[in-house]
Amino acid sequence: CKRCIVDFREANVIATVVNSFKRSDLYEEIWGDHSARAARLFRELNEDFQFLETVNRNRGWNVRIFDDYDAAIDWLLE
């Protein structure tokens with residue numbers, strides 16, 4: 001799977017600094033290929049989720065954080 005959307009809008013998610021750094025290691029295990037795209041949906045955007053996106057993008061992963069489903073789908077289909 002090269003493009004995926006993960007919808008956390010109904011979950012109570014706590015993004016920590018440590019988790020943000022570990023996430024890119026998990027992507028390496030799952031995909032191993034930096035050409036994959038992942039859109040992650042949250043109820044609201046905050047600094048913690050924006051940090052998560054920044055860390056993963058700085059490590060070469062094409063990950064974006066959204067609070068709008070249609071915007072996430074549009075980005076995945078670009």
Side-chain angles (χ1 to χ4, degrees):
C1 177
K2 296 288 185 177
R3 295 174 191 224
C4 69
I5 188 165
V6 183
D7 190 344
F8 293 105
R9 290 177 295 175
E10 298 297 321
N12 292 321
V13 178
I14 299 170
T16 66
V17 172
V18 172
N19 266 347
S20 295
F21 285 106
K22 288 182 179 179
R23 181 65 51 190
S24 65
D25 294 335
L26 180 61
Y27 291 153
E28 189 69 47
E29 287 180 38
I30 293 171
W31 292 313
D33 177 0
H34 287 259
S35 69
R37 283 182 157 210
R40 300 181 69 178
L41 280 163
F42 295 98
R43 228 175 299 157
E44 62 183 56
L45 301 181
N46 62 41
E47 289 179 7
D48 293 336
F49 297 137
Q50 291 168 338
F51 179 74
L52 173 67
E53 178 181 299
T54 300
V55 167
N56 286 290
R57 291 181 67 81
N58 285 345
R59 291 179 173 213
W61 294 106
N62 203 0
V63 175
R64 294 273 314 268
I65 305 294
F66 295 91
D67 61 356
D68 178 88
Y69 181 84
D70 292 329
I73 293 295
D74 288 345
W75 177 76
L76 284 172
L77 296 176
E78 285 180 353

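Along the sequence shown, residues carry numbers from 1.
Here F49 contributes atom CZ and T54 contributes atom OG1; the two are 13.5 Å apart, rounded to the nearest 0.5 Å. Taken from CG in L76 to CZ in R64, the straight-line distance is 10.0 Å, to the nearest 0.5 Å.
D68 pairs by the side-chain contact (heavy atoms from CB on, under 4.5 Å) definition with D70, A71, not counting sequence neighbours.
Between I5 and Y69 the shortest side-chain heavy-atom distance falls below 4.5 Å.
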Just list the side-chain donor-acceptor pairs under 3.5 Å for residues 34-45, sequence neighbours left out, or say none.
{"residue": "H34", "atom": "ND1", "partner": "G60", "partner atom": "O", "Å": "2.9"}
{"residue": "H34", "atom": "NE2", "partner": "E28", "partner atom": "OE1", "Å": "3.4"}
{"residue": "S35", "atom": "OG", "partner": "K2", "partner atom": "NZ", "Å": "3.4"}
{"residue": "S35", "atom": "OG", "partner": "D33", "partner atom": "OD1", "Å": "2.9"}
{"residue": "S35", "atom": "OG", "partner": "D33", "partner atom": "OD2", "Å": "3.0"}
{"residue": "R37", "atom": "NH1", "partner": "W75", "partner atom": "O", "Å": "2.3"}
{"residue": "R40", "atom": "NH1", "partner": "Y27", "partner atom": "OH", "Å": "3.1"}
{"residue": "R43", "atom": "NE", "partner": "R9", "partner atom": "O", "Å": "2.7"}
{"residue": "R43", "atom": "NH2", "partner": "A11", "partner atom": "O", "Å": "2.5"}
{"residue": "R43", "atom": "NH2", "partner": "N12", "partner atom": "OD1", "Å": "3.2"}

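There is a path of hydrophobic side-chain contacts, each under 4.5 Å, that joins I65 to F8.
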